[in-house]
Novice: 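Have a look at this one before I ask anything.
Order of appearance sets the numbers: ligands from 1, and atoms from 1 within every ligand.
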Amino acid sequence: MKRSSYMIAGGVLLCSAAALAGVSLVKGQGAERRAPADTTFSALPRSSGVGFSSLDGVRPGGDWPRLPGRLKGPAQPIFYRHDVHAGQYRIPCLYCHNNAANSWTVNLPSESTCMGCHIVTSAPDTAGNPNAEIAKLRDFYAKSASIPWVRINKLPEYAHFPHMRHVAAGLACQTCHGNIQQMPRVFPVRDLSDMGWCTSCHMQRGVTRDCTACHF
Ligand code: HEC
Ligand code: HEC
Ligand code: HEC
Ligand code: HEC
Ligand code: HEC
């Protein structure tokens, strides 16, 4: 599926207004308190804006939070961090993945959703230069180009998964995707392409195991 199909036309100013109205950018406490011992980087200082370009997510020293030398999961074209956005700033998952509750597939945010905030905030360094990764985002946006995000979770074509049914049944995203809000870079916490996993939960919860529910 082409990521470009996720592009939503929308005025940047409208998005900024929505961003300001819908999300209070207060550093989260809850996520840190719940964080298990391995998330040494979950409590982050405000970005100093020191440039970093490595797609491995290795940042230079200084006051940057320490990250493991190698992060799990594929490097992305922009080092977008769920631990900063969904963790530290507690931006709700559905702010960006807004169709998860009413669609089979989940969208990624459009570049204009990102720019709703990043037209304003660029985590500049002391010289006023924007954070290098945010500069990349602005560049994609200026060119009306889609960011070629690398897909992580994908079922084979012959199996179908309705997100909205699972969200409506009250399952947290984390049940299947793990603690995304603590991940500097997204990685799969388990292989989701596992029919036994699907059907055993369905059995426990009395949900259908009719072949044609998932294969059609
Ligand atoms: C500010 C926007 C934003 C917020 C908030 C956000 N995400 Fe994301 N999410 C993205 C972007 C961009 C990607 C693609 C790049 C990547 O994988 O990091 C993504 C990727 C993902 C993926 C991997 C998709 C794949 O290819 O399989 C999952 C799963 C996910 N997000 C879940 C969540 C959950 C759960 C939350 C809330 C805890 C959340 N996201 C909050 C923007 C966001
Ligand atoms: C609701 C507001 C909001 C949205 C939407 C948003 N961001 Fe951010 N982003 C922030 C804030 C706040 C910071 C922290 C800035 C700081 O540290 O001064 C940040 C930081 C960043 C940083 C760099 C700083 C770091 O600590 O790594 C990058 C890169 C970034 N965002 C990319 C994105 C991308 C790509 C998207 C869209 C997928 C996005 N952001 C969507 C608010 C937002
Ligand atoms: C019951 C397990 C389960 C739950 C709960 C769940 N997901 Fe998923 N998610 C999956 C599976 C399975 C896939 C792969 C689907 C496919 O390939 O069709 C996936 C794929 C994704 C993707 C990648 C979609 C794409 O087209 O790139 C995103 C983003 C995502 N999920 C976000 C979320 C968010 C946000 C939530 C919570 C609102 C959530 N998921 C809840 C199992 C789940
Ligand atoms: C953690 C538990 C859990 C896991 C794992 C899970 N499901 Fe579900 N599934 C549910 C629940 C709960 C429902 C909601 C039933 C309802 O709407 O009443 C559901 C509903 C469905 C439905 C709609 C069934 C119908 O009645 O039409 C399909 C299709 C489906 N799941 C496919 C999958 C697939 C494919 C996977 C694995 C990739 C999967 N599920 C993994 C719990 C789970
Ligand atoms: C709840 C969803 C679900 C139900 C119900 C379901 N499947 Fe699947 N099935 C999957 C998923 C997801 C995969 C892909 C992952 C994998 O290969 O295990 C899959 C894979 C398969 C494969 C390919 C396995 C392989 O190793 O290549 C076959 C064959 C299959 N299913 C047959 C069936 C039959 C027959 C039924 C009914 C008795 C059934 N499935 C019921 C979700 C489901």
Side-chain angles (χ1 to χ4, degrees), residues 1-8 10 15 18-19 22-23 28 30-31 34 42 57 71-114 116-117 137 140 145-216:
M1 197 185 308
K2 284 277 279 298
R3 291 301 191 193
S4 52
S5 63
Y6 295 132
M7 286 288 290
I8 304 164
C15 292
V23 183
R34 284 193 305 274
S42 65
L71 298 177
K72 287 189 238 172
Q76 296 287 350
I78 294 176
F79 185 30
Y80 163 79
R81 294 179 59 167
H82 279 82
D83 63 339
V84 171
H85 293 81
Q88 193 176 11
Y89 288 101
R90 288 196 283 182
I91 303 173
C93 310
L94 294 185
Y95 183 87
C96 290
H97 302 290
N98 52 288
N99 68 6
N102 52 30
S103 165
W104 282 69
T105 53
V106 178
N107 65 310
L108 298 188
S110 67
E111 290 69 19
S112 53
T113 301
C114 307
C117 293
L137 164 67
F140 276 107
S146 315
I147 303 166
W149 299 116
V150 177
R151 180 137 180 200
I152 297 160
N153 301 285
K154 177 115 181 61
L155 297 182
E157 300 297 334
Y158 55 78
H160 300 279
F161 178 81
H163 266 89
M164 73 294 187
R165 294 292 295 270
H166 295 85
V167 175
L171 292 174
C173 313
Q174 286 80 355
T175 313
C176 306
H177 295 298
N179 289 329
I180 296 272
Q181 74 282 0
Q182 294 169 356
M183 297 179 186
R185 194 157 86 191
V186 177
F187 60 90
V189 289
R190 60 159 299 128
D191 181 8
L192 301 183
S193 291
D194 177 351
M195 179 166 126
W197 173 65
C198 311
T199 52
S200 61
C201 179
H202 281 202
M203 188 163 73
Q204 280 166 25
R205 292 170 184 255
V207 180
T208 181
R209 281 175 290 145
D210 185 337
C211 315
T212 60
C214 305
H215 301 293
F216 53 85

Novice: Check each atom of ligand 4 against the heavy atoms of Ala213 and keep those under 4.0 Å away; list them by number with element.
Specialist: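 It comes down to these atoms of ligand 4: 29 (C).
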Novice: With side chain to side chain contact (heavy atoms under 4.5 Å, CB included) as the criterion, how do Leu155 and His160 come out once you've worked through the C-alpha distance, each side chain's angles and the decisive distance to 0.1 Å?
Specialist: CA-CA 7 Å; Leu155 297 182; His160 300 279; over 6 Å; no
Novice: Which option, Gln204, His202, Met203, owns the non-hydrogen atom nearest atom 30 (C) of ligand 4?
Specialist: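 The nearest heavy atom belongs to His202.
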Novice: Numbering the atoms of ligand 3 from 1, which are under 4.0 Å from a heavy atom of Leu192?
Specialist: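 Once the distances to Leu192 are compared, the set is 10 (C), 11 (C), 12 (C), 13 (C), 42 (C).
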Novice: Under 30°, 30 to 60°, or over 60°: which ring-plane class applies to Tyr80 and Trp149, parallel, tilted or perpendicular?
Specialist: perpendicular
Novice: Select the closest option to atom 39 (C) of ligand 3 among Glu157, His163, Arg190, judged by heavy-atom distance.
Specialist: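 Considering heavy atoms of Glu157, His163, Arg190, the nearest to atom 39 (C) of ligand 3 sits in His163.
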Novice: Under 4.0 Å, heavy atoms only, figure out whether ligand 3 is touched by the backbone of His160, its side chain, both or neither.
Specialist: neither
Novice: Could you measure the distance from the SG atom of Cys176 to the CG atom of Asn153? Nearest 0.5 Å is fine.
Specialist: 9.5 Å
Novice: Would you give the length of the straight line joining atom NZ of Lys154 to atom OG1 of Thr105, rounded to the nearest 0.5 angstrom?
Specialist: 10.0 Å
Novice: Show your reasoning for whether side chain to side chain contact (heavy atoms under 4.5 Å, CB included) applies to Tyr89 and Val84.
Specialist: CA-CA 6 Å; Tyr89 288 101; Val84 171; 3.9 Å; yes
Novice: Return yes or no for this condition: an N or O of Leu155 is under 3.5 Å from an N or O of ligand 3.
Specialist: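 Yes, since at least one N or O of Leu155 sits under 3.5 Å from an N or O of ligand 3.
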Novice: Angle class for the His166/Phe161 ring planes (parallel below 30°, perpendicular above 60°, tilted otherwise)?
Specialist: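 It falls in the parallel class, under 30°.
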Novice: Please classify the Ala100 to ligand 3 contact at 4.0 Å (heavy-atom distances, strictly less than): side chain, backbone, both or neither.
Specialist: side chain
Novice: Report the angle formed at atom 8 (Fe) of ligand 5 by atom NE2 of His215 and atom SD of Met195, rounding to the nearest 10°.
Specialist: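 Value, to the nearest 10 degrees: 170°.
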Novice: Under 4.0 Å from a heavy atom of Lys154: give me the atoms of ligand 3 that qualify, with their elements.
Specialist: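 Counting from 1, the qualifying ligand atoms are 17 (O).
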Novice: For atom 12 (C) of ligand 4, which protein heavy atom lies nearest, and how many Å away is it?
Specialist: Ala169 CB, 3.7 Å
Novice: Hey, is Ala172 one of the residues with a heavy atom under 4.0 angstrom from ligand 3?
Specialist: yes
Novice: Below 4.0 angstrom, counting only protein heavy atoms, does anything approach atom 28 (C) of ligand 5?
Specialist: no
Novice: Just need the protein heavy atom nearest to atom 14 (C) of ligand 5, so name the residue and atom and give the distance.
Specialist: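 Its nearest protein heavy-atom neighbour is Pro156 CG, 3.6 Å.
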Novice: When rounded to the nearest 0.5 angstrom, what is the spacing between OG1 in Thr208 and NE2 in His202?
Specialist: 8.0 Å
Novice: Against heavy atoms of Cys211, which atoms of ligand 5 measure under 4.0 Å?
Specialist: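 Selected atoms, number and element: 34 (C), 35 (C), 36 (C), 37 (C), 38 (C), 39 (C), 41 (C).
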Novice: Testing His85, Gln174, Arg90 one by one against Gln181 for a side chain to side chain donor-acceptor pair (under 3.5 Å), which residue passes?
Specialist: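 Of all the options given, the one that passes is Gln174.
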Novice: Between Leu108 and Arg151, does a side chain to side chain contact (heavy atoms under 4.5 Å, CB included) hold up when you go through it step by step?
Specialist: CA-CA 10 Å; Leu108 298 188; Arg151 180 137 180 200; over 6 Å; no
Novice: Please give the atom name: the N, O or S atom of His166 nearest to atom 8 (Fe) of ligand 4.
Specialist: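 Going by distance to atom 8 (Fe) of ligand 4, the closest N, O or S atom in His166 is NE2.
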Novice: Strictly under 4.0 Å, does any heavy atom of Cys214 approach an atom of ligand 4?
Specialist: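 For ligand 4, residue contact (heavy atoms, under 4.0 Å) with Cys214 is present.
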Novice: Of all the atoms in ligand 3, which lie at a distance below 4.0 Å from a heavy atom belonging to Cys176?
Specialist: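 Those atoms are 1 (C), 2 (C), 3 (C), 4 (C), 5 (C), 42 (C), 43 (C).
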Novice: Please report the interatomic distance CG(Leu94) to CG(Asn99), rounded to the nearest 0.5 Å.
Specialist: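 CG of Asn99 is found 9.0 Å from CG of Leu94.
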Novice: In terms of atom number and element, which parts of ligand 4 are under 4.0 angstrom from non-hydrogen atoms of Val207?
Specialist: 11 (C), 12 (C), 13 (C), 15 (C), 19 (C), 20 (C)
Novice: Counting from 1, what ligand 4 atoms have a heavy atom of Thr208 closer than 4.0 Å?
Specialist: 24 (C), 25 (C), 26 (O)
Novice: Identify, for atom 17 (O) of ligand 5, the protein heavy atom at the shortest distance, and state residue, atom and that distance.
Specialist: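 Here the closest protein heavy atom is Tyr158 OH, 3.7 Å.
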Novice: Quick one: which ligand 5 atoms are inside 4.0 Å of a heavy atom on Ala159?
Specialist: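 This gives 11 (C), 12 (C), 13 (C) as the contact atoms.
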Novice: Can you report which non-hydrogen protein atom sits closest to atom 22 (C) of ligand 4, along with the distance?
Specialist: Pro162 CG, 3.7 Å
Novice: Suppose I only count heavy atoms of Arg209 and a 4.0 Å limit; which atoms of ligand 5 are within that range?
Specialist: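 Answer, ordered by atom number: 5 (C).
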Novice: Give me the ring orientation class for Trp104 and Phe216: parallel if the planes are under 30° apart, tilted from 30 to 60°, perpendicular past 60°.
Specialist: perpendicular
Novice: Within 2.8 Å of atom 8 (Fe) of ligand 3, is there any N, O or S atom belonging to His177?
Specialist: yes
Novice: What atoms of ligand 5 come closer than 4.0 angstrom to any heavy atom of Asp194?
Specialist: 15 (C), 18 (O)
Novice: May I ask which of Cys198, Cys201, Ala168 has a heavy atom nearer to atom 36 (C) of ligand 4 than the others do?
Specialist: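 Selected option, by shortest heavy-atom distance: Cys198.
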Novice: So, the side chain of Asn179 versus the backbone of Gln182: is there a donor-acceptor pair under 3.5 Å, distance only?
Specialist: no
Novice: Where the closest heavy atom to atom 16 (C) of ligand 3 is concerned, which of Met164, Arg151, Arg165 has it?
Specialist: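 Among Met164, Arg151, Arg165, the closest heavy atom to atom 16 (C) of ligand 3 comes from Arg151.
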Novice: Can you name the nearest heavy-atom pair linking Val186 to Pro74, along with the distance?
Specialist: O-CD, 3.9 Å
Novice: Working note: Leu171 + Arg205, criterion side chain to side chain contact (heavy atoms under 4.5 Å, CB included); need CA distance, chi angles, decisive distance, verdict.
Specialist: CA-CA 12 Å; Leu171 292 174; Arg205 292 170 184 255; 3.6 Å; yes
Novice: Given that the side chain starts at C-beta and the backbone is N, CA, C, O, which of these parts of Val106 lies under 4.0 Å from ligand 3, counting heavy atoms, or is it both or neither?
Specialist: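 It is both backbone and side chain that touch ligand 3.
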Novice: Under a 3.5 Å distance rule, please check whether Gln76 uses its side chain to pair with a backbone N or O of Val150 as donor and acceptor.
Specialist: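 Pair found, side chain donor or acceptor close to backbone of Val150.
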Novice: Rounded at 0.5 Å granularity, tell me how far NE2 in His97 sits from OG in Ser103.
Specialist: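 If I round to the nearest 0.5 Å, the distance is 13.0 Å.
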